[in-house]
Structures are given as C-alpha cells and as structure tokens.
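Side-chain atoms are counted along with the backbone in the values below, which use heavy atoms only and exclude waters and symmetry mates.
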Amino acid sequence: FPSPPSAQRRSAPALSYTPPSPAVTCGAMELSLRRQPWVRPHLGPLPRAAALEPGLSAATVAEGDEVQFRADEASGRWVQGIVQEVLEEALRCDDGHIMPPGSVVIAPLTGIADAMVVPPQDVARLVRKAVRLVLVAPGGGVDGNGSVYADLDREEAFQVEVVGRKSTLYDRYPECWHSGGSGPPPNLATFGEDVLRMGVHFRTDCFLFGSRGGQVVLPTLWRTLGNGMPPSVVLNGGCAMNLPGPSSPWPREAVTIMFMAGQDFFRGAQTSDEYLQSTIRCVSRENRTTAVLYVPEMKHMPQPEILGAALPHLVRLALVWETARHEPPMLLLRAAGIALERLGLGARLLYTGGPGQWQQLSFGPRHPDRPAEPLSPRAPRPDRAPPTKPLGTAPAVLPIRRIIDLSPAKHRDLAAQAEREAEEVGRSGDREAQQRLLEFADGQEGEAYAAEGDIACEEARKLWKAAKAAAVAPQPPRQQQQQQVRTPVRTQPAPPSATPGLHQYAAGPHGGRILAP
C-alpha cells in the first residue's frame, strides 16, 4: 500500500506513538480526546474488517483500534497495528495514488517504519480485528458485573467499550413515566438521543443493555434506527414491557437476544409462563430474529457466575444471527442453555423459528415456580455537598478496562486533558471542536461527581446493612434476661422508704424503659 507523507504530516504525533502495556492501552483516546464521539461524531458507517474469530460477523474499524493487517499479501503475514485515522476526505499520496474517504491509516506497532493506508474496498480482506461490543452504562451493571465484562474483553474475539455512566444527571426515567426519580431532560431518553447524535451505533457491532437501559435507551434507538439497529443483548428484557412514553415499534429485522431472570422485580406478580407470554407479545409478529433465555433462579442483577457463563454465547448468537437471518443458528441458540445446565441451573429458551413462530427448548432441572423477589429496600441516600463546578452531560466512550478503575480523580484528569486540548484547538481557530471539548470536560466533572456519590452511597449501604443485622441479632434467653434484671434488686437492700419487692419502670433517656427501685 502507499505510504502517504501527507498522512504522516497530518498525524505525526500519532504515527510516533508507542502504546503502553495492553492492560492500560486505550487506543486513540490515550492520544487525543478530539477523537471522542462527543467531540467528533461518526456521521456514517465505518469501514468493516474481518473478525478475528471465524464465523463472526465483520468488525467495525475506528481510530485507536488495535488491528492485524497484511503488509505483504504474498507472505500472508499478519502485522500488529493501531488505527491512526479513518479518512473523511480523499487523500493524494506522493506517488499519485488518491485514497478515497473511508481508507484506513494504520501504524504498525513493530517491524515497519511507515504507516500504511488500506482503501475501503480492501479493508475486509486485508484487516482483521476484535468485534466491538458497546455496553450502555445506565442499568448495565458495571459495578456489579464489571469483572464479567472485563473477562469478555480479554477474549481475543471481543473488545468491550462503555458509553455513559450511571448516577449522572441523565440517569433517570423521562418525566412521562410519572415515577419516583423521573424528570425532565436530561434523562435516559435524551441520553439515548446523544448516543445517536454521536453516531455510536456506527461504531458498534453489538449493543449490551440492562434494566433501565433496555427500557428507555434501546427503544429510543429503535425509533430512529428501525431495522438499521445493530444486534442487541438485553439483560432483564426491559424492552419487552408495556412501557410509558412514545410508542417504539419492535423493528421487523432487529436481532434481539433477551436474558431474563425469574427472581426479577420486573416480573411483578406474574407466573413464569405469564411473564414469558407477555414478553413475546411485545415482539413484532414479522420478526424472525428474537430469542428469550429465561433463568428462574437468576436475579435482576445477574449473579456473576450466571452472566459469565451465558454472555459470551449470547453475544455470538446475536452476531451470527445478524448475518444469517434465514435460519436460526441452532448450535448457538443451545450454547448458553447448555453452559447454564453445567452449573446445575435450569433455563428455558424461546426463539423465533420464523416470523411470529415461537419455539421452545428447556435445559437443566425444572425449578419450582416461586414468586419473584421484590425490589430490595434501599439505604437512605446520604446528604452531599453541592458541586463546586458545572456538571455536564456529555458522555464518554471508553474501554471497559479503563472504566472499572476510573476513580473521581481520574475523571477529573480527563476533564483537565479536555480543557488543555480545547485551548490548543482554540488557537487553531476550530471553535466548534473547542466548544465540544469544553462540554466533554464538564461531562467528566459530572461523572466524577456521580462517582463520588456512588462511593458515599455504598458506604451508607454498608452501615445501613450492619445496623439492620444488629437489630435482628439473637437476644439472650428470657430466663437469662430476667436473671440479669433481678440481680441488682436481690443484692442491694431497698432504701427504708421503699416497699420491699415493689418496683416501677420509667422512660430511659433514649425512649427505652429502665428498671428503677
């Protein structure tokens, strides 16, 4: 491929970049926040490379991705590289070649000095990479199951990114829900609109949703993308409920895999059969690419061992079904159920064998249909000092390996970096990018404040649980309590003015009752 000096001039810092160890590599996001989708939205489909795992669908290519590419087709040797740019405009090379928009500029990590440019028509043949999974943070269970998502990211076949953060200003239901915690913008519906505006769907091979993300964000994407929605794995099946707000028709060609729990307050008072029937009634009768895996003993926040066993299979199912819609991929449909069966768990799988044609498979032991667990009581939220800086709502898109240890201080480091870059681009005259970077900085301050709130709430929860446990701790036997009460009376003579054997109870200083002679 041609090695364009013009590309080197435009991306000199990136081409000289040497990444740190894989554990902390964040691709282009380590280099520049100007590549964040909030600052530079994806306006159209991105090039697609071959997936590293045979049988999976192609994988989208974006700046900062680690890839393998063939520097020499004759030898067939694959070279490790990092994507430095996806051209938005045509680029003329020194040898006269004109590289069209969508060409991918790749800097090899070892062995080759110059960057290479792969034209868009050759990307699927000459570049391969991991499939990108994008987890929608609100409701996604990053805190409870971050280790499961990190394990998925460690598989060579997948790279997991996270968009947004829980507990932010937008992490609440829209006001049309008329429930506790709902409110006007910003809310989860406007967050979904921001995900669309940033073009996150263009860089996504498969979405991961959970809880309120499936209830609000996914239908928001459906209303705009329709049949263009990427495959989705939906924990809790929130998209298949009778939801308030604008109507969101189920796309006829959407691939949607729902992972649903029997011990989930979403189920309400329904039996398992009623819950599953109400779920499949929400699916378009014209859709032929939907499945529901129901685990009677799973909770609303899936137990890590259950999610870890099933999720890789569910993701592969979604990706393969996307490319072969004419027939259900039966081996992959069974895979997650078999994995749960090996854990000693029962499960039921409902899937569309054709438009509106539901079929069912069962796995493992049959569990008694016990009522769903209600929503657990929550500890009172602790009082907090008001923020000292403006809190923004610009969401970041970051790798899961960066997210799971992203402290409030590290959020503020990103905010400071965005402010420095805003100053740099401001000097170059790019006012729009400067404004977007400042919005991103405010968004990171908002996420830092949210992270601090989560830490405070977790501490309050621990104290609250400890207090509840102490309140129900076993008391000494009644006879022993009476013995402890009577001992002072028996061993100390009553004053002359008191009638022997007569005692009276009075209120103690904290409202309890104390024994007084």
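Looking only at side-chain heavy atoms (C-beta outward), Asp153 and Pro399 stay at 4.5 Å or farther from each other. In this structure the side chain of Pro230 never reaches within 4.5 angstrom of the side chain of Val134, judged on heavy atoms. In this structure, the side chains of Phe207 and Val233 stay at 4.5 Å or more apart for every pair of heavy atoms. Here the side chains of Pro138 and Leu188 are in contact, with some heavy-atom distance below 4.5 Å. The shortest distance between side-chain heavy atoms of Leu33 and Gln444 does not fall below 4.5 Å. Counting only heavy atoms from C-beta outward, the side chains of Glu155 and Pro312 approach each other to under 4.5 Å. In this structure, the side chains of Asp205 and Leu56 stay at 4.5 Å or more apart for every pair of heavy atoms. At least one side-chain heavy atom of Pro382 sits less than 4.5 Å from a side-chain heavy atom of Cys457.
Rounded to the nearest 0.5 Å, atoms CZ (Arg281) and CG (Asn242) are 8.5 Å apart. The distance from the CG atom of Leu208 to the OH atom of Tyr149 is 6.5 Å, given to the nearest 0.5 Å. Distance CG/Leu243 to CD/Gln215: 6.0 Å, rounded to 0.5 Å. From Met258, atom CE reaches atom SG of Cys282 across 8.0 Å, with rounding to the nearest 0.5 Å. Taking CG of Leu133 as the reference point, atom CG of Leu319 lies at 6.5 Å (rounded to 0.5 Å). The distance from atom CG of Leu350 to atom OG1 of Thr279, rounded to the nearest 0.5 Å, is 9.0 Å.
More than 12 non-hydrogen atoms from other residues, nucleotides or ligands lie less than 6.0 angstrom from CZ of Arg384. The environment of CZ in Arg197 is crowded: more than 12 heavy-atom neighbours from other residues, nucleotides or ligands sit within 6.0 Å. The number of heavy-atom neighbours closer than 6.0 Å to CG of Asp383, taken from other residues, nucleotides and ligands shown, is 12 or below. Within a 6.0 Å sphere centred on CG of Leu331, heavy atoms belonging to other residues, nucleotides or ligands number 12 at most.
Between Ala394 and Phe440, the closest heavy-atom pair is CB-CA, 3.9 Å. For Gly164 against Tyr170, the heavy-atom pair with the smallest separation is CA-OH, 3.2 Å. The minimum heavy-atom distance linking Pro174 with Asn187 is given by the pair CA-ND2, 3.6 Å. When all heavy atoms of Ala336 and Leu314 are compared, the pair lying nearest together is CB-CD2, 3.7 Å. Closest non-hydrogen pair, Val163 versus Pro395, comes out as CG2-CB, 4.5 Å. Closest approach of Ala254 and Thr289 over heavy atoms only: O-OG1, 2.6 Å.
In this structure a side-chain-to-backbone donor-acceptor pair under 3.5 Å is missing from Asp65 to Val67. Side-chain atoms of Thr204 come within 3.5 Å of backbone atoms of Val200 as a donor-acceptor pair (strictly under, hydrogens ignored). Put simply, the side chain of Arg172 gets close to the backbone of Pro184: a donor and an acceptor are under 3.5 Å apart. In this structure, the side chain of Asn236 engages the main chain of His300 through a donor-acceptor pair within 3.5 Å. Within the 3.5 Å criterion, the main-chain N or O of Ala416 finds no donor-acceptor partner in the side chain of Asp413. Without hydrogens or angle criteria, Lys129 side chain to Thr60 main chain gives a donor-acceptor distance under 3.5 Å. Remark: the backbone N or O of Glu253 is paired with a side-chain donor or acceptor of Asn227 at under 3.5 angstrom. At least one donor-acceptor pair under 3.5 Å links the side chain of Thr271 to the backbone N or O of Glu274. For Arg132 (side chain) and Arg203 (main-chain N/O), a donor-acceptor pair under 3.5 Å exists by modelled atom type. Asn287 contributes a side-chain N or O that, together with a main-chain N or O of Pro251, makes up a donor-acceptor pair within less than 3.5 Å.
Here Arg267 pairs with Asp369 under the salt bridge (charged side-chain N to carboxylate O under 4.0 Å, His left out) rule; sequence neighbours left out. Looking at residues two or more places apart in sequence or on another chain, you find no side chain to side chain contact (heavy atoms under 4.5 Å, CB included) involving Pro371. With sequence neighbours left out, Asp171 forms a side chain to side chain donor-acceptor pair (under 3.5 Å) with Arg212. Under the rule for a side chain to side chain contact (heavy atoms under 4.5 Å, CB included), the partners of Glu322 that lie at least two apart in sequence or sit in another chain are Pro231, Val255, Arg325. Applying the side chain to side chain donor-acceptor pair (under 3.5 Å) rule to Glu297 yields the partners Arg370; only residues at least two apart in sequence or on another chain are considered. Partners of Gln270 by side chain to side chain donor-acceptor pair (under 3.5 Å), not counting sequence neighbours, listed by chain and number: Ser278.
Taking 4.0 Å as the cut-off between side-chain N and carboxylate O, Glu439 and Arg436 count as a salt-bridged pair. For Arg165 and Asp454, the salt-bridge test passes: some basic side-chain N is under 4.0 Å from an acidic carboxylate O. For the pair Asp273 and Arg348, the salt-bridge criterion is met [side-chain N within less than 4.0 Å of a carboxylate O].
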>> If you apply the rule side-chain contact (heavy atoms from CB on, under 4.5 Å), what do you find for Met298 with Asp264, and how did you get there?
In response: CA-CA 8 Å; Met298 190 169 78; Asp264 188 343; over 6 Å; no
>> What verdict does the side-chain contact (heavy atoms from CB on, under 4.5 Å) test give for Tyr449 and His411, after you've listed the backbone C-alpha separation in whole Å, the side-chain angles of each residue and the deciding distance to 0.1 Å?
In response: CA-CA 9 Å; Tyr449 189 74; His411 278 294; over 6 Å; no
>> Using the rule given for side-chain contact (heavy atoms from CB on, under 4.5 Å), can you reason through Lys166 versus Asp143, listing the C-alpha separation, both sets of side-chain angles and the distance that settles it, and then say yes or no?
In response: CA-CA 9 Å; Lys166 71 168 192 145; Asp143 287 349; 2.8 Å; yes
>> Checking Glu452 against Arg412 for the salt bridge (charged side-chain N to carboxylate O under 4.0 Å, His left out) test, could you report, in this order, the C-alpha distance in whole Å, the side-chain angles of both residues, the deciding distance, and whether it holds?
In response: CA-CA 12 Å; Glu452 290 174 337; Arg412 292 191 171 100; 2.9 Å; yes
>> Assess the residue pair Glu66 and Gln159 against the criterion (side-chain contact (heavy atoms from CB on, under 4.5 Å)); give the C-alpha distance rounded to whole Å, side-chain angles, the decisive distance to 0.1 Å, and a yes or no.
In response: CA-CA 10 Å; Glu66 295 179 15; Gln159 64 179 101; over 6 Å; no
>> Show, in sequence, the C-alpha distance, side-chain angles and deciding distance for Ser248 and Arg223, and conclude whether the side chain to side chain donor-acceptor pair (under 3.5 Å) test is met.
In response: CA-CA 6 Å; Ser248 301; Arg223 285 195 292 273; 2.5 Å; yes
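Taking the six-membered ring for Trp and thresholds of 30 and 60 degrees, Trp250 and Trp222 have ring planes inclined between 30 and 60 degrees apart.
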